[in-house]
Number of protein chains: 2
Amino acid sequence: MQQILFDFLTKYVPLTEAEKNAIVSLDIFRSVKKGTVLLREGQITKESYFVLKGCIRKYYVLEGEEKTTAFYTEMEGLTPHCVASQMPSEYYVSCTEDCILIVSNADMESEVNGKFPKFDTLCKILSEERLGKQQIDFDAFKTSSPEQRYLNLLQSRSDLIQRVPQHQLASYLGIKPQSLSRLRARIIEKSKE
Amino acid sequence: MQQILFDFLTKYVPLTEAEKNAIVSLDIFRSVKKGTVLLREGQITKESYFVLKGCIRKYYVLEGEEKTTAFYTEMEGLTPHCVASQMPSEYYVSCTEDCILIVSNADMESEVNGKFPKFDTLCKILSEERLGKQQIDFDAFKTSSPEQRYLNLLQSRSDLIQRVPQHQLASYLGIKPQSLSRLRARIIEKSKE
DNA sequence: CTTCTTTCTTAACTTAAGTGAACGAGTTGC
DNA sequence: GCAACTCGTTCACTTAAGTTAAGAAAGAAG
């Protein structure tokens, strides 16, 4: 399991054996059961989550309704907003599948950064990469209709459509579950012609 | 003008006189006329833009139509996706007003970072702050209707509604100009009751 | 000042998403 | 095995956004 992490990291920066051992000694690997809530609305945490296996989900509860805004799967990470702001979280984070996660602590990170400046560079690269990717995603969302968004998802992250409940997918696409059902029926109808 | 920049920067990290002089000597301040296109689709640039005064706008041209996805006003910055990827840009950047900008070059930045490691820290803080803010914005966009988005904009960035053409605002809200007109009329109608 | 263009609004009509309700399939728990 | 629950789908109806077109208002150019 650790090897998966090292394979991922060394794509960005080379790591010495000492550095690898330092990472392992942090004891950050954690197995989590499906349905576990990692963060609740109102909580303040210093933990960030990185998915090695499985899928975690971020959602708001607005007027009693769950609104899913993001899924994180293999090799994707989530640092809750409240980690930086130290304000109560506006949203929940939970596991939609059994997961193997890396759970890291903000304090711990700064300590590691002190010892290995390389990690600072790594964090900067990763955060800028994510910022760029997210901007593209946001732009695509703004400029397309629900149907286009669904077709787009089918292209870019078709695994999500298989592994995630439809009603969670719906709010991820910015619509209601009924509309997603209808939209899918419409697409199938079109493809028959 | 330079003082505005220093005031902004020293909110994040303290700066020595030497560092301030180093910044000034880079000759990065630029006055730009309204309507100037800073980046075109298909171009590859290494320039980032930071707005000291005025407003710049990011837009796609899809099927002959302009789709505005972001505005950057005072103390906001834009690093085009193509700076990191070195792939042709998918979008345009232009000035919606006369602007005073800081135009910085990726090569230049790494040079400055070498001399003053503090700037590396500053970049990391700024990029993480922007990432967090953008995630919140994206979530709010996904979980709300066009009308709610407009009311939200009225609260959080009412200046934009005054200073930016309606048809650009419309695609920023993910709708057509006609729908924005109608939506505004609807809101006024409601408030009369 | 006049002309041309861009921008904004309004209207009628079409299309798609929201809403509320109902139904069957699959789970869970007793 | 049966009741309770969740989940996905379908239907009828309502509401809002897309589309096409036309006209008024404001700006820019000559």
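The sequence lines fix the lettering, A, B, ..., with proteins before strands; numbering per chain opens at 1.
By the 6.0 Å and 45° rule, A:K20 stacks over the aromatic ring of A:F6. Both tests do not hold together for B:K67 against B:Y60: distance to the six-membered ring centre under 6.0 Å, angle to the ring axis within 45°. Under the 6.0 Å distance and 45° angle rule, A:K142 counts as a cation-pi partner of B:F141.
Judged by distance alone with a 3.5 Å cut-off, a donor-acceptor contact links the side chain of A:R182 to the base of C:dG18.
Residue A:Q178 contributes atom CD, which lies 14 Å from atom P of C:dA22 at whole-angstrom precision. With rounding to whole Å, B:E147 atom CD is found 14 Å from D:dG18 atom P. For the pair B:E65 CD and D:dT19 P, the computed distance is 8 Å after rounding to whole Å. Computed from coordinates, the B:I175 CD1 to D:dT19 P distance equals 13 Å when rounded to whole Å. The separation between A:Q166 atom CD and D:dC7 atom P is 12 Å, rounded to whole Å. Rounding to whole angstrom units, CD of residue A:Q148 and P of C:dT15 are separated by 17 Å. Summarising the geometry, the separation between NZ on A:K176 and C1' on D:dT9 is reported as 17 Å, rounded to the nearest angstrom. If you take CZ of A:R186 and P of C:dG18, they are 11 Å apart, rounded to a whole angstrom.
Taking every side-chain heavy atom of B:L183 into account, D:dA17 is the closest of D:dT19, D:dA17, D:dG8.
Residue order along DNA chain D, read from the 5' end via each residue's closest nucleotide, puts A:L180 first among B:S179 and A:L180.
Taking 4.0 Å as the cut-off between side-chain N and carboxylate O, A:E147 and A:R184 do not count as a salt-bridged pair.
B:S181 has no side-chain polar atom (N or O) that falls below the 4.0 Å cut-off from OP1 or OP2 of C:dT10. When the side-chain nitrogen and oxygen atoms of B:H167 are compared with OP1 and OP2 of C:dT6, none of them lie within a distance under 4.0 Å.
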